[in-house]
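Numbers for residues simply follow the sequence, beginning at 1.
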Amino acid sequence: MKKFFTVILVLLSLVLIFIGANLGLNKFNKTNFEQLSENDQTLISDLDKLDKIIEEKPLWTNFDIQNKSLVLANGRFKYSYIINPQVEPSGLGVTKINLPSDYNISVYRMAGVAYNNLQFHIAQGNFNTKDQSIKVYNNDIFYIRYDDSRFDREDDEYIISFIAHEAFHYYMQKNWTLTYKVPEIPISDQGAQTLATMYILNGEMQTNIAENGSNEALIDIVHQYNEQYQSLKNSDPEYASYFASQELNEGTAQFVGYSANLDLERQSILFPNPTKKGTGYFIGDYSIDIRQAPDPGFYTRNLPYHTGKLLCLVLDKVGPSDWQAQLNTQSIESPIFLQDILASI
């Protein structure tokens with residue numbers, strides 16, 4: 001029995017030493033910006049650059065992410081950063097990072113064993129859902145869990161784009177309609193043909209924007225697209241509603257992430273292809289009967305991110321100046337889709 005208690009005491013001592021060392025290292029070691037890892041310096045530097053830019057030019061109307069408190073968790077069971085806390089954190093588990101004097105943002109680091117950080121180690125998701133409220137040191141926060149591979153990704157997959165995309169979901173889309181469930185009934189012959197035609201027109205929109213084509217030509221394409229979308233609504237209303245919802249929710253968030261990358265000069269391809277590094281999507285290439293597609297899920301789950309972002313770029317070029325503000329006024333009971341605003345062009 002004595003041996004048993006000795007083992008327990010030794011284990012408890014080791015645990016306490018580990019906790020103490022973790023708290024001490026976080027509190028007193030590498031607290032200056034220049035001492036942080038290269039990736040952490042890049043993350044903080046890019047966040048500060050973006051903060052300064054969006055003070056003058058927001059990523060989206062009334063999306064004031066620069067005034068929100070964020071927690072960026074570096075994987076599981078590691079430290080996390082608190083960005084721009086409204087209430088200053090204090091305690092053994094957190095320390096302030098000393099940043100260059102010209103930085104706008106404030107940054108604090110939580111130790112891996114800090115009580116406020118434990119929830120991010122065990123959380124299932126990599127970010128808050130829209131109905132999930134989390135407090136850290138009396139700050140309402142949005143959190144993102146990331147890993148260092150995000151710094152090696154390009155364009156829409158880059159860490160800052162990822163943060164902006166998911167934060168937009170959380171802060172701006174709480175009252176937006178979202179339909180994740182693909183309609184169970186098969187799409188009709190006419191609907192499949194109409195959808196294929198819409199992808200051809202998407203490709204023409206994409207070419208116009210990429211090549212800085214004329215507004216008049218783009219408006220003509222929009223008119224043709226509007227006719228096809230109305231046809232899809234008439235023949236297959238469930239599919240029209242599903243795709244419009246996906247393009248609204250994921251497309252706008254993709255547009256915001258893309259805009260953040262543009263501000264940081266980290267976007268080199270208009271529609272990057274995540275499966276083929278350094279190449280892009282041409283949406284017109286996907287103009288087939290989706291019932292014959294080798295991967296139908298690509299059309300229902302992945303492609304709306306890109307077609308929705310494209311429609312945002314179209315609206316930015318030839319749509320009403322308040323198109324973002326219009327979308328901000330919607331509710332679950334009274335949704336407004338990108339196609340509704342396109343119809344006004």
Completion exercise
Separation between SG (Cys312) and CZ (Phe255), nearest 0.5 Å, reads 6.0 Å
Name every donor-acceptor pair, under 3.5 Å, that has one atom in a side chain of residues 54-66 and the other anywhere in the protein, sequence neighbours excluded.
{"from": "Trp60", "atom 1": "NE1", "to": "Asn328", "atom 2": "OD1", "distance (Å)": "2.9"}
{"from": "Thr61", "atom 1": "OG1", "to": "Gln324", "atom 2": "OE1", "distance (Å)": "3.2"}

Problem - Distance-only donor-acceptor check, side chains Gln267 and Ser161, under 3.5 Å - result: no
Problem - More than 12 heavy atoms from other groups under 6.0 Å of CZ on Phe298 - result: yes
Practice task
Verify the neighbour count for atom CD of Glu38: are there more than 12 heavy atoms of other residues, nucleotides or ligands below 6.0 Å?
Solution key: no
Practice task
Would you check if there is a donor-acceptor pair between the side chains of Gln206 and Asn202 at a distance under 3.5 Å?
Solution key: no
Practice task
Please name the pair of heavy atoms, one in Gly308 and one in Leu338, separated by the smallest distance, quoted to 0.1 Å.
Solution key: O-CD1, 3.7 Å
Exercise for the section: Check the pair Leu195 / Gln228 against side chain to side chain contact (heavy atoms under 4.5 Å, CB included), numbers first and verdict last. Expected result: CA-CA 8 Å; Leu195 198 57; Gln228 294 299 319; over 6 Å; no
Practice task
Would you please indicate if the ring centroids of Tyr199 and Tyr286 are separated by under 6.0 Å?
Solution key: no
Handout entry: ring-ring contact (aromatic ring centres under 6.0 Å, His included) partners for Phe127, two or more places apart
Key = none
Exercise for the section: Specify the closest pair of heavy atoms between Arg291 and Ile187, including all atoms of both residues, with the distance to one decimal. Expected result: NH1-O, 3.4 Å
Exercise for the section: Write down the atom of Glu34, the atom of Pro100, and the distance for their closest heavy-atom approach. Expected result: OE2-CG, 4.4 Å
Practice task
Flag yes if Leu118 and Tyr79 sit in one hydrophobic cluster, no otherwise; membership is Ile, Leu, Val, Met, Phe, Trp, Tyr, and two members link when side-chain heavy atoms are under 4.5 Å apart.
Solution key: no
Practice task
May I ask whether Leu264 and Ile83 are part of the same hydrophobic cluster, defined by side-chain heavy atoms of I, L, V, M, F, W, Y residues being less than 4.5 angstrom apart, directly or through others?
Solution key: yes
Problem - Exercise: do Asn104 and Asp48 side chains pair donor with acceptor under 3.5 Å - result: no
Handout entry: Asn208 and Lys317 side chains, donor-acceptor separation under 3.5 Å
Key = yes
Practice task
Determine, using ring centers only, whether Tyr299 and Phe243 are less than 6.0 Å apart.
Solution key: no
Handout entry: Verdict with supporting geometry, Tyr225 and Glu204, side chain to side chain contact (heavy atoms under 4.5 Å, CB included)
Key = CA-CA 10 Å; Tyr225 176 89; Glu204 294 179 9; over 6 Å; no
Handout entry: Ser69 side chain vs Gln86 backbone, donor-acceptor pair below 3.5 Å
Key = yes
Problem - Expected output: side-chain Thr194 to main-chain Leu232 donor-acceptor under 3.5 Å - result: no
Handout entry: Distance (rounded to the nearest 0.5 Å) between Asn116 CG and Gln119 CD
Key = 6.5 Å
Practice task
Decide side chain to side chain contact (heavy atoms under 4.5 Å, CB included) for Gln224 and Thr197; before the verdict, give the C-alpha distance in whole Å, the side-chain angles of both, and the deciding distance to 0.1 Å.
Solution key: CA-CA 10 Å; Gln224 296 177 60; Thr197 302; over 6 Å; no
Completion exercise
CZ of Phe271 to OH of Tyr258, rounded to nearest 0.5 Å, is 7.5 Å
Practice task
Answer with yes or no whether the side chains of Glu88 and Tyr137 bring together a donor and an acceptor at under 3.5 Å.
Solution key: no
Problem - Whether over 12 other heavy atoms sit under 6.0 Å from Lys233 NZ - result: no
Problem - Main-chain N/O of Glu247 paired to Glu250 side chain as donor or acceptor, under 3.5 Å - result: no
Practice task
Check whether any side-chain N or O of Glu265 sits under 3.5 Å from a backbone N or O of Leu262 as a donor-acceptor pair, and report yes or no.
Solution key: no
Exercise for the section: Is it possible for you to say whether Phe282 and Ile290 belong to one hydrophobic cluster, with membership spreading through side-chain heavy-atom contacts below 4.5 Å? Expected result: no
Exercise for the section: Supply the atom-to-atom distance Asn84 CG to Ser106 OG, rounded to the nearest 0.5 angstrom. Expected result: 4.5 Å
Practice task
Look only at the side chain of Ser241 and the backbone of Pro237, and say whether a donor-acceptor pair between them is shorter than 3.5 Å.
Solution key: no
Problem - Gln193 atom CD, neighbour heavy-atom count above 12 within 6.0 Å - result: no
Problem - Criterion ring pair (Phe, Tyr, Trp, His ring centres under 6.0 Å) on Phe120 and Tyr143, from CA distance to verdict - result: CA-CA 8 Å; Phe120 305 116; Tyr143 91 90; 4.9 Å; yes
Exercise for the section: Please check if any side-chain donor atom of His165 sits under 3.5 Å from a side-chain acceptor atom of Gln254, or the reverse. Expected result: yes
Handout entry: Carboxylate-amine/guanidinium contact Arg266 Asp156, below 4.0 Å
Key = no
Problem - Contacts of Tyr158 that satisfy ring-ring contact (aromatic ring centres under 6.0 Å, His included) - sequence neighbours left out - result: none
Completion exercise
When rounded to the nearest 0.5 Å, the distance separating CZ of Phe168 from CG of Asn249 is 9.0 Å
Handout entry: Heavy-atom closest contact (Asn117 atom, Gly112 atom, distance)
Key = ND2-CA, 3.7 Å
Handout entry: Asp51 side chain vs Ile105 backbone, donor-acceptor pair below 3.5 Å
Key = no
Practice task
Give a yes or no on whether the backbone of Val87 and the side-chain of Asn138 come within a donor-acceptor separation of less than 3.5 Å.
Solution key: no
Problem - Tyr146 and its side chain to side chain contact (heavy atoms under 4.5 Å, CB included) partner, picked from Asn126, Asn39, Asn74 - result: Asn74
Handout entry: Main-chain N/O of Glu157 paired to Arg150 side chain as donor or acceptor, under 3.5 Å
Key = yes
Practice task
Examine distances only and state if a side-chain atom of Lys309 and a backbone atom of Leu270 form a donor-acceptor pair shorter than 3.5 Å.
Solution key: yes
Practice task
Check the hydrophobic clustering (I, L, V, M, F, W, Y; side-chain heavy atoms under 4.5 Å; chains of links allowed) and say if Ile269 and Ile283 are grouped together.
Solution key: no
Practice task
Determine, stepwise, if the pair Leu72 / Leu47 fulfils side chain to side chain contact (heavy atoms under 4.5 Å, CB included).
Solution key: CA-CA 11 Å; Leu72 308 180; Leu47 285 171; 3.7 Å; yes
Exercise for the section: For Leu36 and Lys30, work out which heavy atoms get closest and say how close. Expected result: CD2-O, 3.5 Å
Exercise for the section: Spell out, yes or no, whether Leu248 and Tyr171 are grouped together once hydrophobic residues are joined by side-chain heavy atoms under 4.5 Å, including indirect joins. Expected result: yes
Handout entry: Over all atoms of both residues, closest heavy-atom pair of Gln190 and Ser235
Key = CD-CB, 4.0 Å
Practice task
Hey, could you give me the OH/CG distance between Tyr229 and Asn234, rounded to the nearest 0.5 Å?
Solution key: 10.5 Å
Handout entry: Flag, side chain of Thr207 to backbone of Gly203, donor-acceptor distance under 3.5 Å
Key = yes
